[in-house]
Amino acid sequence: MKINLVNESFDSLQSDLEVIFVLNKDLNHKSIKDKKLLESLNFKAEDEEVVLLPESKKIYVGCEDNSYDCIAVAISAAVKKLQSTKFKSAKVKLLDGEASTLKALVEGAALGAYSFTKYKSKKTKNKQELFIVTKNSSKELTKTFNDSLIIAESVNKTRDFVNTTPEDFYPKTMTKEAKKISKLDDITLKVHGEEYLEKNKMFSMLGVGRASRHESQLIHLTYKPKNAKTKVVLVGKGLTYDSGGLSLKPGDSMVTMKSDKAGACMVLGALNAIAQLKLPIEVHCILGAVENMIGGDAFKPDDVLTAKNGTTIEVRNTDAEGRLVLADCLCYAQDKIKDIDYIFDYATLTGACVVGVGEYTTAIMGNNTGLRCNAIKNASASGEFSTSLPFNRHLRKLVKSKIADTCNMATSRYGGAITAGLFLDNFIYKENKDKWLHFDIAGPAYVENAWGYNPYGASGAGVRMTVEFMNSLSLDIDKRCQAK
């Protein structure tokens with residue numbers, strides 16, 4: 001769907017349909033011309049409730065308030081209704097002229113219009129258009145419109161990556177996609193294979209991919225603009241497929257495991273947006289692209305693997321493999337990149353996280369309470385749900401091993417998301433403890449039913465919150481500089 005920002009009279013703009021938001025269930029508002037008909041259809045203007053009146057050429061959609069999430073969900077519902085028809089265009093009025101409202105409209109429409117049809121034998125070309133109409137266009141609104149399109153398109157790119165099957169998207173495919181993104185301005189790329197992993201004693205990551213016919217790939221993208229104000233490292237878990245290894249998953253649990261690469265795909269999507277938005281931040285993206293399979297060369301429960309920093313890891317469960325990949329990726333990042341200001345990792349790491357906070361929420365962990373709170377604040381501003389899961393010394397004891405330095409599986413199943421985060425903390429160097437956050441996106445990254453403006457399957461979770469966070473970091477530095 002093509003989305004346009006138009007500066008002209010709303011009434012004079014020609015389109016097939018008009019989208020009307022019914023705020024706070026106010027069916028008595030002057031913009032509601034079809035009150036009696038709507039009442040006869042039992043339209044109550046509930047959240048996500050939408051009605052098309054072909055005779056009036058109007059789409060009415062419920063909107064609980066004027067928050068980002070409500071507006072984005074409402075326009076998404078209207079767009080989906082438009083897509084179910086043969087009408088070619090619709091228009092919606094930017095009522096308050098606010099940039100925040102425009103952002104919600106653009107992102108909600110672009111994300112709601114998404115569909116994944118790669119494997120459909122019959123494809124339909126969608127040539128529909130949405131016109132967002134404003135009386136008073138400005139440079140701020142134009143910038144917000146363009147930036148929001150970039151962010152939404154990056155989310156949809158991430159969705160495509162995650163939705164692609166493991167037969168088509170394996171470690172070297174991730175490398176190919178990284179190469180495409182590296183063509184953007186100020187981005188360079190380094191790719192390391194298994195020979196490099198072995199030479200650099202990255203046996204934790206190497207062990208996970210041993211039984212796969214696809215070579216593991218350590219991918220390092222660097223975005224380095226001339227005016228960089230801070231340096232951030234984004235690390236992504238890229239399990240292009242996870243069978244569970246010899247600790248084999250039940251059959252039903254193997255379905256959707258193409259989504260186990262969502263952390264690395266999200267990092268690619270975020271970088272795609274950051275580079276096009278030209279944010280003044282040096283960003284290093286470290287992706288651990290691996291396939292966890294079974295076979296005669298598979299790593300085994302009871303093995304002891306050694307990570308890049310020399311930490312030995314007792315393997316109690318080969319299905320706790322993502323943290324083994326991240327361990328070496330985190331060490332690589334800290335060894336190769338100097339003067340890091342922040343280091344964030346993203347992973348569909350634990351089912352325990354989904355049990356604890358639900359399918360729609362990212363759990364954020366780390367040692368720095370202020371940094372966690374800042375991340376949650378920016379996630380909310382971006383339209384994503386998140387919460388904090390705190391570390392504590394009692395749970396830390398559960399990942400200790402009697403035969404190695406640490407264990408990849410806690411001795412208790414309770415608090416599994418937090419103990420996974422505490423495992424990763426073993427691979428964060430002392431000087432970086434307060435600079436690091438772990439984002440468990442296991443819940444929202446891939447859901448088997450549509451929700452809000454997110455479709456069945458991949459949501460692109462993490463992209464918007466990360467871009468918002470990166471932008472806020474650069475703005476905070478500007479404010480501190482001005483204060484001096």
Side-chain angles (χ1 to χ4, degrees), residues 1 3 10 15-96 98 100-115 126 128-133 148 152 155-156 159 358-361 380 382-385 443-444 447-457 459-461 464:
M1 170 173 286
I3 302 171
F10 187 79
S15 71
D16 294 336
L17 297 172
E18 177 183 343
V19 176
I20 298 174
F21 286 179
V22 185
L23 281 167
N24 300 313
K25 305 179 185 179
D26 185 10
L27 287 171
N28 292 314
H29 192 273
K30 61 182 181 180
S31 66
I32 312 301
K33 308 296 185 183
D34 302 284
K35 181 183 174 183
K36 290 185 178 180
L37 184 55
L38 291 171
E39 287 177 345
S40 69
L41 293 171
N42 200 31
F43 176 71
K44 298 178 180 178
E46 301 281 357
D47 188 36
E48 296 188 64
E49 188 180 6
V50 59
V51 166
L52 167 64
L53 301 180
E55 301 87 350
S56 303
K57 294 187 176 181
K58 290 182 176 66
I59 296 176
Y60 288 96
V61 59
C63 187
E64 291 188 350
D65 55 51
N66 60 356
S67 65
Y68 172 98
D69 201 53
C70 286
I71 292 171
V73 168
I75 193 64
S76 170
V79 163
K80 290 173 184 175
K81 177 60 72 173
L82 172 63
Q83 288 180 317
S84 70
T85 73
K86 291 185 177 181
F87 291 110
K88 296 298 183 183
S89 63
K91 61 182 179 180
V92 62
K93 188 180 296 183
L94 182 61
L95 293 173
D96 57 13
E98 292 290 329
S100 58
T101 303
L102 178 60
K103 179 179 174 66
L105 286 172
V106 174
E107 294 181 6
L111 297 178
Y114 173 86
S115 62
N126 190 333
Q128 292 169 312
E129 290 187 87
L130 176 70
F131 299 97
I132 301 172
V133 186
S148 299
V155 172
N156 287 338
R159 290 170 168 179
E359 288 184 299
Y360 313 117
T361 303
S380 180
S382 76
E384 295 199 49
F385 299 107
V447 177
E448 288 193 279
N449 46 68
W451 51 289
Y453 39 75
N454 295 291
Y456 168 97
S459 69
R464 288 177 297 150

Trainee: Give the minimum heavy-atom separation between Ser56 and Asp34, together with the two atoms involved.
Mentor: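 Here Ser56 and Asp34 meet closest at OG-OD1, 3.0 Å.
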Trainee: Does a side chain donor of either Glu107 or Tyr68 reach within less than 3.5 Å of an acceptor in the other side chain?
Mentor: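 A pair is found: one side chain offers a donor N or O, the other an acceptor, under 3.5 Å apart.
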Trainee: Please walk me through it: do Lys80 and Ser84 pass side chain to side chain contact (heavy atoms under 4.5 Å, CB included)?
Mentor: CA-CA 6 Å; Lys80 290 173 184 175; Ser84 70; over 6 Å; no
Trainee: Please test Leu111 against Arg464 for side chain to side chain contact (heavy atoms under 4.5 Å, CB included), starting from the C-alpha separation and ending with a verdict.
Mentor: CA-CA 11 Å; Leu111 297 178; Arg464 288 177 297 150; 4.1 Å; yes
Trainee: What distance separates Ile20 CD1 from Lys58 NZ, expressed to the nearest 0.5 Å?
Mentor: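 Nearest 0.5 Å value for the CD1-NZ distance: 5.0 Å.
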Trainee: Quick check for you: to the nearest 0.5 Å, what is the distance between Leu82 atom CG and Glu129 atom CD?
Mentor: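 The distance works out to 10.5 Å.
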Trainee: Once rounded to the nearest 0.5 Å, what's the spacing between atom CD1 of Ile32 and atom CZ of Phe21?
Mentor: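 Result: 11.5 Å between the selected atoms.
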Trainee: Do the non-hydrogen side-chain atoms of Lys36 and Ser40 ever get within less than 4.5 Å of each other?
Mentor: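 Contact flag for Lys36/Ser40 side chains = no.
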Trainee: Quick check: do Val447 and Asn454 have side-chain heavy atoms less than 4.5 Å from each other?
Mentor: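 No - every pair of side-chain heavy atoms lies 4.5 Å or more apart.
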Trainee: Taking atom NZ of Lys25 and atom CZ of Phe43, what is their separation to the nearest 0.5 Å?
Mentor: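 Answer rounded to 0.5 Å: 11.0 Å.
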Trainee: Taking all heavy atoms of Ala74 and all of Gly62, pick out the closest pair and write down the distance.
Mentor: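 Heavy-atom minimum between the residues: CB-O, 3.7 Å.
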Trainee: Which heavy atom of Ile71 sits nearest a heavy atom of Ala104, and at what distance?
Mentor: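 That closest heavy-atom pairing would be CG2-CB, 3.7 Å.
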Trainee: Is any side-chain heavy atom of Leu17 closer than 4.5 Å to a side-chain heavy atom of Lys81?
Mentor: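 Sidechains of Lys81 and Leu17: no contact.
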Trainee: Considering non-hydrogen atoms only, spot the tightest contact between Ala113 and Met1 and give its length.
Mentor: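 Answer, listing the atom of Ala113 first, then Met1: CB-CB, 4.0 Å.
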Trainee: Once rounded to the nearest 0.5 Å, what's the spacing between atom OG of Ser100 and atom CG of Leu105?
Mentor: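 It comes to 9.5 Å.
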Trainee: Which atom names give the shortest non-hydrogen contact between Ala110 and Asn156, and what distance separates them?
Mentor: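 Between these two residues, the closest heavy atoms are O-ND2, 3.3 Å.
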Trainee: Considering all heavy atoms of both residues, which atom of Gly383 and which atom of Asp69 are nearest to each other, and what is their separation?
Mentor: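 Smallest interatomic distance, heavy atoms only, reads O-OD1, 4.0 Å.
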Trainee: For a 4.5 angstrom cut-off between non-hydrogen side-chain atoms, does Lys35 reach Asn28?
Mentor: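 Touching, per the 4.5 Å side-chain cut-off.
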Trainee: Using side-chain heavy atoms (C-beta onward) and a distance below 4.5 Å, is Thr85 in contact with Gln128?
Mentor: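 Heavy-atom side-chain distance check passes, below 4.5 Å.
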Trainee: Tell me, please, which residues at least two apart from Lys44 pass side chain to side chain contact (heavy atoms under 4.5 Å, CB included).
Mentor: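 Here the qualifying residues are Asn42, Glu46, Glu49.
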Trainee: Below 4.5 Å, heavy atoms only, C-beta onward: do Trp451 and Ser459 meet side chain to side chain?
Mentor: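 Yes, side chains in contact.
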Trainee: Rounded to the nearest 0.5 Å, what separation is found between the OG1 atom of Thr101 and the CD1 atom of Ile75?
Mentor: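 Rounded to the nearest 0.5 Å, the OG1-CD1 separation comes out at 12.0 Å.
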Trainee: Counting N and O atoms only, with roles assigned by atom type, does the side chain of Asp65 sit under 3.5 Å from a partner on the main chain of Ser67, one being a donor and the other an acceptor?
Mentor: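 At least one qualifying donor-acceptor pair exists.
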Trainee: Does the side chain of Leu38 come within less than 4.5 Å of Leu53's, by heavy atoms?
Mentor: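 Yes, side chains in contact.
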Trainee: Output yes when a side-chain donor or acceptor of Lys91 lies under 3.5 Å from a complementary backbone atom of Phe10, and no otherwise.
Mentor: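 Flag set: sc Lys91 to bb Phe10 pair under 3.5 Å.
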Trainee: Answer whether the closest heavy-atom distance between the side chains of Tyr453 and Val79 falls below 4.5 Å.
Mentor: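 A side-chain contact under 4.5 Å is absent here.
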